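Both ligands and their constituent atoms are indexed starting at 1 by order of listing. Computed from a predicted model, the values in this text were never measured in an experiment. The analysis underlying the following values was restricted to heavy atoms, covering all of them including side chains, and did not include hydrogens, waters or symmetry mates.
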Amino acid sequence: MKGLVTKAVGGFFFVADEQQNIIRTRIRGKVKRKVYPGDFVKVNDAMIEKLYPRTNLLFRPAVANVDQVLVIHSIQNPPFARKMLDKFLIMVEAIGVKPVIIINKIDLKVPDIELEKEMKDYKEEGYQVYLISVKEKMGLNELYLTLEEKLSVLAGPSGVGKSSLIKALVPEARVKIGEVSQKLKRGVHTTRHVELLPINKGGWIADTPGFSALDLRGILSENLRFYFPGLARYEGQCKFRGCTHTHEPGCQVKKAVKEGMISEKRYNSYLNIYRDLEEREC
Ligand SMILES: Nc1nc2c(ncn2[C@@H]2O[C@H](COP(=O)(O)OP(=O)(O)OP(=O)(O)O)[C@@H](O)[C@H]2O)c(=O)[nH]1
Ligand SMILES: [Zn+2]
């Protein structure tokens with residue numbers, strides 16, 4: 001059978017079939033490459049015989065074949081911060097995985113934030129945006145649908161509700177199993193093993209969130225424009241090849257900002273982060 005590795009621990013690999021039934025396997029010595037959660041493998045007699053090629057491999061958490069990263073922020077506690085959200089989006093874009101924006105805690109009333117308006121820019125740029133409250137179970141059904149048939153990883157700053165969301169999404173019994181095995185593991189190992197948890201109709205979510213700390217190391221200012229979909233659309237249309245859309249004459253991006261085709265806030269965010277990166281590169 002072809003299966004999905006959900007967890008690798010102590011020389012064992014837990015592999016799920018299409019119905020999300022999980023069996024414990026070992027691996028044949030002839031499979032030389034390291035196998036990660038998210039990998040597709042061929043299993044015979046509870047032995048992994050083959051590793052299928054992967055589309056990507058994330059680090060921290062180490063998960064293969066990630067379909068989307070759910071970038072979660074909260075409206076309050078911690079307060080919503082656009083620059084922070086933009087940086088998370090850049091990180092996900094840079095690894096070539098699709099980001100999905102989630103704003104949590106919409107049950108908290110914040111008079112000076114018009115969330116719908118704030119999110120309009122992102123939607124126009126092509127991002128899926130979900131406004132939810134894990135606490136009040138608002139918006140979760142809609143979110144559920146985007147998780148079908150996909151492997152998702154959560155990312156976002158501390159305290160925004162990542163663990164709460166995972167618990168809300170994964171059926172009760174499965175979470176309990178996860179918690180028990182977590183306790184058992186702690187006694188034996190100190191390392192944290194990523195586990196993929198089944199959600200719905202072939203959907204999986206990693207129980208360990210990705211990069212909660214933010215740094216854009218490895219991202220060059222000259223490449224930043226590719227990680228803003230609204231700007232990337234104009235690639236090759238400016239007067240100068242490799243135009244960074246910052247100071248060059250004949251820039252179609254700047255023109256589009258003036259004409260209201262590109263969100264001014266998003267463009268300013270680009271300039272702001274561009275300068276941060278440039279400063280670091282000096
Ligand atoms: N008001 C409100 N509080 C929430 C909601 N979701 C989560 N919280 C609370 O926010 C706090 C942080 O939630 P966690 O799920 O631990 O957040 P996290 O992102 O996993 O945090 P880290 O583990 O630090 O990365 C907890 O006190 C939750 O009860 C929500 O929808 N509304
Ligand atoms: Zn330009």
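Considering backbone and side-chain atoms alike, Leu108 places every N or O at 3.5 Å or more from each N or O of ligand 1. In terms of polar-atom proximity, defined here as any N/O pair under 3.5 Å, Ser164 does make such a contact with ligand 1. Of the polar atoms of Gly159, at least one N or O is found under 3.5 Å from an N or O of ligand 1, judged by distance alone.
With a 4.0 Å heavy-atom cut-off, ligand 1 is reached by the side chain of Asp107 but not by its N, CA, C or O. Contacts with ligand 1 closer than 4.0 Å are made by no heavy atom of Leu165, backbone or side chain.
The count of protein N, O or S atoms under 2.8 Å from the Zn ion (ligand 2) stands at 4, with waters excluded from the count.
Per-residue contacts place Ser133 under 4.0 angstrom from the following atoms of ligand 1 (heavy atoms of the residue considered): 31 (O).
Figure legend: Arg26 and Phe12 shown as a cation-pi pair, the cationic atom lying under 6.0 angstrom from the six-membered ring centre and within 45 degrees of its axis.
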**Prompt:** For Glu116 and Lys123, what are the C-alpha separation, side-chain angles and deciding distance, and is it a salt bridge (charged side-chain N to carboxylate O under 4.0 Å, His left out)?
**Reply:** CA-CA 10 Å; Glu116 292 283 355; Lys123 285 185 188 165; 3.8 Å; yes
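Arg82 places none of its side-chain heavy atoms less than 4.5 Å from the side chain of Ser269. Put simply, the side chain of Ile90 reaches to within 4.5 Å of the side chain of Leu224, judged on heavy atoms. In this structure, the side chains of Leu89 and Tyr122 come closer than 4.5 Å at one or more pairs of heavy atoms.
With sequence neighbours excluded, the residues that form a side-chain contact (heavy atoms from CB on, under 4.5 Å) with Glu124 are Lys120. Residues passing the salt bridge (Lys or Arg N to Asp or Glu O under 4.0 Å) test with Glu235, sequence neighbours excluded: Arg225. Taking the side-chain hydrogen bond (donor to acceptor under 3.5 Å, both in side chains) definition, one finds that Ser263 meets it with Asp121, sequence neighbours left out.
Considering all non-hydrogen atoms of both residues, Pro37 and Val194 come closest at CG-O, 3.8 Å.
When Pro209, Ser163, Ala155 are checked for heavy-atom proximity to atom 23 (O) of ligand 1, Ser163 turns out nearest.
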